[in-house]
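A short worksheet on the structure shown next.
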Amino acid sequence: MTTFGGSRPRLLVATRSEHKLRELRELLALPNAELVTLDEVGVDGEPVEDGESFEANAAIKARAGLAASGVPTLADDSGIEVDALDGAPGVRTRRYAGDDATDEQNNQKLLAALEGLPAERRGAHYVCSLVLAMPGEPLITVRGECAGRIATGPRGSGGFGYDPIFEPDREPPGGRTFGQWSAEDKNRVSHRARAAQAMTPYLVDRGF
């Protein structure tokens, strides 16, 4: 096991997103491990994420992180799938409005695509795939989902990504978006929380 500072096992989280890293640190709650970033282990560049599913793209990132660093690597690929758009934005969630789009631009494009649709046709779900790459082992893949609907407009300033326009299914139409939920409440039911819960036993079994 690769250790950090000679004692604690290191787990590379293959992301440069502080939001994702912060959430995963909280959700995995691995007191024996040191979660490190790509920058902390000196990994430059990004692999080409040309997979056609969240699982495929997470696997690409996990393999690339392990190959570049030699450190066991956990990769996340996540996004939102909208029923009325045949699953779009899907793997293009982050780049829905363009390669350099902001969260606000992505949200506005999605709202425009669903303009005029009633609540029952605005169904959507967040998806998170987590893939663990360990030296000499097959990849381990888990998936978490959170169902809900797309709101008619943004509400709340919490979270990130599509959170201000996503109403989880625990809310009625017109209810609070994830942007209005507390981080603690969101982390109990989110797609990433469910994926992290499924992945945690595999990590614990490997000494993290």
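- A heavy-atom distance below 4.5 Å is not found between the side chains of Glu145 and Glu81.
- Here Asp185 pairs with Arg188 under the salt bridge (charged side-chain N to carboxylate O under 4.0 Å, His left out) rule; sequence neighbours left out.
- Contact of the Phe160 side chain with the Glu23 side chain is registered, since non-hydrogen atoms from C-beta on lie closer than 4.5 Å.
- In this structure, the side-chain contact (heavy atoms from CB on, under 4.5 Å) partners of Ala113, at least two apart in sequence or on a different chain, are Leu85, Tyr96.
- Of the possible polar contacts, one joining the Arg8 side chain to the Pro31 backbone as a donor-acceptor pair under 3.5 Å is found.
- Under the salt bridge (charged side-chain N to carboxylate O under 4.0 Å, His left out) criterion, Arg176 pairs with Glu171, sequence neighbours left out.
- Looking at heavy atoms from C-beta onward, Ser157 lies out of side-chain contact with Pro164 at the 4.5 angstrom threshold.
- Side-chain contact between Pro154 and Gln108 is present, with at least one heavy-atom pair separated by less than 4.5 Å.
- A side chain to side chain donor-acceptor pair (under 3.5 Å) with Glu167 is found for one member of Arg122, Arg149, Gln180 and no other, namely Arg149.
- Counting heavy atoms from C-beta on, the side chains of Phe208 and Leu28 never come closer than 4.5 Å.
- With hydrogens and angles disregarded, no donor-acceptor distance shorter than 3.5 Å links the side chain of Thr93 to the backbone of Pro89.
- Remark: the backbone N or O of Gly161 is paired with a side-chain donor or acceptor of Asp103 at under 3.5 angstrom.
- Scored by the side-chain contact (heavy atoms from CB on, under 4.5 Å) test, Ala56 finds Ser53 as partners (sequence neighbours excluded).
- In this structure, the salt bridge (charged side-chain N to carboxylate O under 4.0 Å, His left out) partners of Asp76, at least two apart in sequence or on a different chain, are Lys20, Arg192.
- Ring pair His191/Tyr126 is parallel by interplanar angle, where below 30° counts as parallel and above 60° as perpendicular.
- Considering only residues two or more places apart in sequence or on other chains, Glu46 meets the side-chain hydrogen bond (donor to acceptor under 3.5 Å, both in side chains) condition with Arg16.
- In the hydrophobic clustering of this structure, Leu11 groups with Met134; members are Ile, Leu, Val, Met, Phe, Trp, Tyr whose side-chain heavy atoms approach within less than 4.5 Å, directly or through other members.
- Rounded to the nearest 0.5 Å, atoms CG (Leu30) and CZ (Arg25) are 11.5 Å apart.
- Under a 3.5 Å cut-off, the side chain of Asn57 and the backbone N or O of Gly51 do form a donor-acceptor pair.
- Leu111 and Phe178 end up in the same hydrophobic cluster when Ile, Leu, Val, Met, Phe, Trp and Tyr side chains are linked at under 4.5 Å.
- Using a 4.5 Å heavy-atom cutoff, the side chains of Glu40 and Arg10 are not in contact.
- Annotation: side chain of Val189 is in contact with side chain of Arg194 (closest heavy-atom distance under 4.5 Å).
- The distance from atom CG of Asp50 to atom CD1 of Ile60, rounded to the nearest 0.5 Å, is 4.5 Å.
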